[in-house]
*Asks:* 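Right, I'll just put the structure down here and ask away after.
Letters go in sequence order (proteins before strands), and every chain restarts at 1.
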Amino acid sequence: MELKFIPLDYGYFDYQGRNFIQIIGRNEKNQRICVIDSFEPFFWVILKENLNEKKISELRKKIESIKLEDSERRTKVEKTEVHEKNFLGKKVKAIKIFITNYKDGHAIADKLDFPEIECRREYDINLITKYILDKKITPLDYFKVSGEILSNSEEFSGIDSILDVDICIKAEKIQKIEHEKEIEPKILAFDIEADEFEIGQGEIVMISLVSKNFQKVLTWKKVARTKDMDFVEFYKDEASMIEAFVENVKKISPDILVGYFSDGFDLPYLRARAEFHKVDFSLGIDNKKPVFARGKYPSARITGIVHIDLFRFIETIYSQYLKSETLGLDEVASELLSENKIDFDHKHSSKISEEEWLDYFKYNLQDSVLTYKLAFKLWPDMLEFSKIIQEPLFEITRAGMSQLLENYIMHNLEKYNEIIEKRPIYDEIGKRKQREKVEGAFVLVPKAGLYENLAIFDFTSMHTSIIISFNISKSTLLENKEKESYESPEVELEGKKQVFHFSQKPGFLPEIVKELVDKRKKFKKEYKNDPNPITKARSNAVKLLTAAVHGYIGFFGARYYSLESSASILGFVRKFNKETIEKVNNAGYHVIYGDTDSVAFTLGEKTKEQVKDFLKKLNSELPGIMEMELEDFYKRGIWVTKRTGDFGAKKKYALIDEKGKLKIRGFETVRRDWCALARELQDEVLDMILKEGNAENALKLVKETIEKLKSRKISKEKLIIKTQLKKPLEEYKSISPHVTIAKRMLEQDMPVNIGMLIKFYIAEPKSNKKELVRARARLPDEPDDYDIDYYLDHQILPAIENIFEVFHISVDDLKGKKQMKLGEF
DNA sequence: GGAGGTGACGTACC
DNA sequence: ACCGGTACGTCACCTCC
């Protein structure tokens, strides 16, 4: 029997002490397929140099006799093989050790303390990753599998009758085939509403479910049905509502179950309530409950159904493409779908009036509708990440950038015959985290002012191109200088100034990164020629991976961590930026500013053509694949002074291009922790100044705004300050306004969660005494008067003062009041 | 008891 | 534990005189 399938979900089970892989996927007839594949687990020991054949064969005998007696299984070394491999770029002899059960890899490795062994590797890799590496059954590709169909079979303790699949096949051979079209997954979105925010503390009032041609809200509240409530199903109590949820999931049988923050809220809540009522919560196609992984980032895994928490994917990966200031469902849906959540004032279900229930149901349904639509919107990105990195969707949607890149690297090492380096253990991580920081990039102090006629050059993928051009990595770092080697600029590391040398023999990591850069170019072109969501996602995915390489090398949890490499890369970054600044100045331009990989300068008398020719010349002088590009020409730009000190502020500027489009960096306008009034005013002031080249109209606007503020004509909405709560309240050493407000919210039984934006405004002091800002902070619905002086001195003026200073206009001019002279007292 | 420095904190840039 | 260094600015907190 032979059939086609696309792998979606990977799991494994033990049978007679051995590991078997259980892949759940779909075929072209849209049937759900389970493929069971064997897996021969193995890891490596790398031998010390110069061992003779006899020694090696003696060692193999010793290794082959290893058995694990105290294990719950009978695990032993099944066989060994000797291979010529590479490890960290060096040729090594290694023994491949096959064992009965991968889960005992650690225990067996612990017994391998023979003096002939240099080190043991690849027993710390996730079993599924190891399987994909070994057999190349990569997620979301098409495969042809031949083997025995299991139907009411005794095989694997009757697994085929337990699993809810259309076909279960025991694989003999699996072959990748050319894919016809991308899979269109069956997605089911869900969302719950509960009475208490604390998980399990209240009752779940309703659950919404949305899939293709399917919209439902399940509830147990006794509400009089109105004609608009067709989508609502009523149940006798919370327990039977949860049962109905499980039944619906089983009936729809989706490939993907998607929620928004469902790892942290919806699924744990459902589990807690199911446990409370002793309701069966077996969502898996194997009739098992979801498996919850605890930790800082909890996750919920369901056998056979890929559970995706969209919030997780957006937070770690997709947020860089978004403008949204918060990553809540409402704002993200608004940006990506131009659709919003339904406005509904959340309250305890006991306080909801008869008429309000319909709105609450609609609200709940809409959340699932948005989640469903977002899942489709982001599907190309999840698909492409999964295919490029070759890891399953569940992992891809939860991994950080470093994890993704590391997986990409691991899945691309075979070509280099490399044995995979170990993950740092606890002690090592501790050591790495304690080390002092390496010096970072260079930022040029700008001279404050308004400038005309500018251009910006920047290096394309600077850190990554340095890694490739100078072959920088853990494995290419030389202990001693060699004749043919790349030399880093002098850098300070561990208190001493030093220079590092890297081999000119290409290392596997820089090579893999180079391939990534080539793919980036290829996919970018592909997208240009054929713009669609898939080509766009593909191009973006490699772009993100390419950009993450330097961060990965300096990340304490990385397998290929290398502090020397990181310090060297940053040394080159500083060198090239400084050199460029100098060259630009020497060529008769005037450099205004530079940060890390960029340089901004005025053209003076020079023409654009001259600038472009000059760029060509600069590029011809750059080594390796390093390259600079013209970011753009700008009509005007403004740099301001710091509020403390009278020199130019870094990372704070505004530019206007020739089409009149503004590019604002660092200013309060782009900071979400400033009130809308200050942000909008600053934005308009910058716009006027950059368009007009002078401050006259802007000054008028400021004076008008100040007058409005003073006469309380500004709505309170514009004065709300939003600050994120970053940690549990009790961990704050310094009690700032937003912490005070969060505490008050808690007292009023309002939901307070880590990560949420705390909103408040500043009211007039109650007494004459000078009160702390936090004493004057109020919740948005508290009815006090806003503090005019606070908003003037702490929001409006700080936001615009330094801009006007460029035009020699002082604060007193701004306030529009004649100054009190000393003589008047 | 007010001035000024410093640390904690949040946010942005690259 | 889940990319890191540079930088700005606010507010609370502490010390000093």
Side-chain angles (χ1 to χ4, degrees), chain A residues 295-297 299 312 315-317 320 325 395 398-407 423-426 428-430 432-433 435-446 458-459 461-463 544-545 547-558 561 563 566-567 569-570 573-574 577 593-598 631 640-645 648-653 663-674 678 721-727 731-740 755 757-758 762 769-777 790 793-795 798-799 801-802:
Chain A
K296 196 176 173 194
Y297 299 98
S299 68
R312 287 279 292 274
E315 190 184 34
T316 45
I317 295 172
Q320 25 211 322
E325 279 172 17
E395 277 69 26
R398 285 167 179 81
M401 273 320 296
S402 267
Q403 188 64 57
L404 292 176
L405 182 65
E406 184 156 281
N407 282 325
R423 198 189 297 152
I425 49 163
Y426 188 78
E428 178 63 23
I429 290 178
R432 290 181 186 182
K433 283 181 81 175
R435 56 115 179 133
E436 51 188 307
K437 284 201 227 178
V438 297
E439 188 186 347
F442 170 73
V443 187
L444 180 73
V445 182
D458 57 14
F459 283 90
S461 311
M462 191 187 209
H463 299 73
L544 242 50
L545 288 173
V549 183
H550 172 244
Y552 170 78
I553 288 174
F555 167 51
F556 54 81
Y561 171 85
L563 190 57
S566 186
I569 295 161
L570 289 163
V573 167
R574 288 189 296 273
N577 195 15
Y593 180 60
D595 183 351
T596 312
D597 59 357
S598 69
E631 202 239 12
V640 300
T641 55
K642 278 180 31 153
R643 277 181 63 71
T644 51
K650 298 170 178 180
K651 301 190 186 286
K652 221 173 164 181
Y653 59 89
K663 175 177 171 161
I664 301 179
R665 293 290 117 102
F667 274 109
E668 284 72 9
T669 296
V670 299
R671 295 183 60 92
R672 68 172 182 197
D673 56 348
W674 282 70
I721 296 164
K722 297 174 209 163
T723 313
Q724 196 184 20
L725 193 69
K726 304 276 277 187
K727 54 187 181 185
E731 279 178 28
Y732 279 92
K733 286 181 198 161
S734 177
I735 310 302
S736 43
H738 80 292
V739 177
T740 313
L757 281 188
I758 306 293
I762 305 302
K769 281 189 304 186
K770 189 126 177 83
E771 282 176 7
L772 288 174
V773 177
R774 69 168 175 233
R776 288 179 279 152
Y790 174 83
D793 296 332
H794 294 259
Q795 294 278 327
E801 183 164 36
N802 298 76

*Asks:* Decide, yes or no, whether a salt bridge links A:Glu668 with A:Lys652 under the criterion of side-chain N to carboxylate O below 4.0 Å.
*Replies:*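 Counted as a salt bridge, because a side-chain N and a carboxylate O are separated by less than 4.0 Å.
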*Asks:* A quick test of your reading: do over 12 heavy atoms of other residues, nucleotides or ligands sit less than 6.0 Å from NZ of A:Lys722?
*Replies:*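 Counting other residues, nucleotides and ligands, NZ of A:Lys722 stays at 12 neighbours or fewer.
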*Asks:* Report yes if the distance between the aromatic ring centroids of A:Tyr732 and A:His738 is under 6.0 Å, otherwise no.
*Replies:*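 Centroid separation for A:Tyr732 and A:His738: below 6.0 Å.
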*Asks:* What pairs with A:Tyr561 under ring pair (Phe, Tyr, Trp, His ring centres under 6.0 Å), at least two apart in sequence or on another chain?
*Replies:*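 Ring pair (Phe, Tyr, Trp, His ring centres under 6.0 Å) check on A:Tyr561 returns nothing, list empty.
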*Asks:* Taking only Lys NZ, Arg NE, NH1 and NH2, and the carboxylate oxygens of Asp or Glu, determine whether A:Arg423 and A:Glu406 approach each other closer than 4.0 Å.
*Replies:*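 No, A:Arg423 and A:Glu406 are not salt-bridged.
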*Asks:* Tell me whether the count of non-hydrogen atoms from other residues, nucleotides or ligands lying under 6.0 Å of NZ in A:Lys733 goes above 12.
*Replies:*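 Open: at most 12 neighbouring heavy atoms sit under 6.0 Å from NZ of A:Lys733.
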*Asks:* Which part of the nucleic acid, if any, lies within contact of A:His794, taking any heavy atom under 4.0 Å across all strands shown: a base, the sugar-phosphate backbone alone, or nothing?
*Replies:*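 If one applies the 4.0 Å heavy-atom cut-off, A:His794 turns out to touch the sugar-phosphate alone, with no base involved.
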*Asks:* Taking ring pair (Phe, Tyr, Trp, His ring centres under 6.0 Å) as the definition, give me every residue that meets it alongside A:Phe459, ordered by chain and number, with sequence neighbours left out.
*Replies:*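 So A:Phe459 forms no ring pair (Phe, Tyr, Trp, His ring centres under 6.0 Å) with any residue.
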*Asks:* Do the side chains of A:Asp595 and A:Lys651 get close enough for a salt bridge, i.e. N-O under 4.0 angstrom?
*Replies:*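 Salt bridge between A:Asp595 and A:Lys651, a charged N being under 4.0 Å from a carboxylate O: yes.
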*Asks:* State, yes or no, whether a side-chain contact exists between A:Tyr297 and A:Arg398 at a heavy-atom distance under 4.5 Å.
*Replies:*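 No, their side chains stay 4.5 Å or more apart.
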*Asks:* Touch check for A:Val438, heavy atoms < 4.0 angstrom, all strands: base, sugar-phosphate only, or nothing?
*Replies:*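 It contacts sugar-phosphate atoms only.
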*Asks:* Bend angle of the helix from B:dG1-C:dC17 to B:dC14-C:dG4 from five-pair axes at both ends, rounded to 10°?
*Replies:*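 Result, rounded to 10 degrees: 10°.
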*Asks:* Is the shortest heavy-atom distance from the side chain of A:His463 to the side chain of A:Val573 under 4.5 Å?
*Replies:*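 Yes, their side chains come closer than 4.5 Å.
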*Asks:* For B:dT11 versus C:dA1, give the span between their P atoms, rounded off to a whole number of Å.
*Replies:*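 To the nearest whole Å, 23 Å.
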*Asks:* Using a cut-off of 4.0 Å on non-hydrogen atoms, how would the nucleic acid contact of A:Phe555 be classed: base, sugar-phosphate, or nothing?
*Replies:*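 Since only primed, P, OP1 and OP2 atoms lie under 4.0 Å of A:Phe555, the category is sugar-phosphate.
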*Asks:* For DNA chain C, note the earliest and the latest nucleotide, 5' to 3', having some atom under 4.0 Å of a heavy atom belonging to chain A.
*Replies:*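 Counting from the 5' end, contacts occupy C:dA1 to C:dC13.
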*Asks:* Give A:Ala548 one of three labels, base, sugar-phosphate or nothing, depending on what nucleic acid heavy atoms sit under 4.0 Å from its own.
*Replies:*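 Nothing: the residue A:Ala548, judged by heavy atoms under 4.0 Å, touches no strand.
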*Asks:* Taking only residues two or more places apart in sequence, or in another chain, which ones meet A:Phe555 in a ring pair (Phe, Tyr, Trp, His ring centres under 6.0 Å)?
*Replies:*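 Scan of A:Phe555 (ring pair (Phe, Tyr, Trp, His ring centres under 6.0 Å), adjacent residues dropped) gives none.
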*Asks:* Using a 4.0 Å heavy-atom cut-off, does A:Ile429 contact any base of the nucleic acid, only the sugar-phosphate backbone, or nothing at all?
*Replies:*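 No contact at all - A:Ile429 keeps every heavy atom at 4.0 Å or more from the nucleic acid.
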*Asks:* For every nucleotide of nucleotides 8-14 of chain B, 5' to 3': is a protein heavy atom under 4.0 Å from its base (B), only from its sugar-phosphate (S), or from neither (-)?
*Replies:* -SBBSBS
*Asks:* Counting any heavy atom closer than 4.0 Å, what does A:Phe459 reach on the DNA or RNA strands: base, sugar-phosphate only, or nothing?
*Replies:*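 Nothing, no nucleic acid heavy atom in range.
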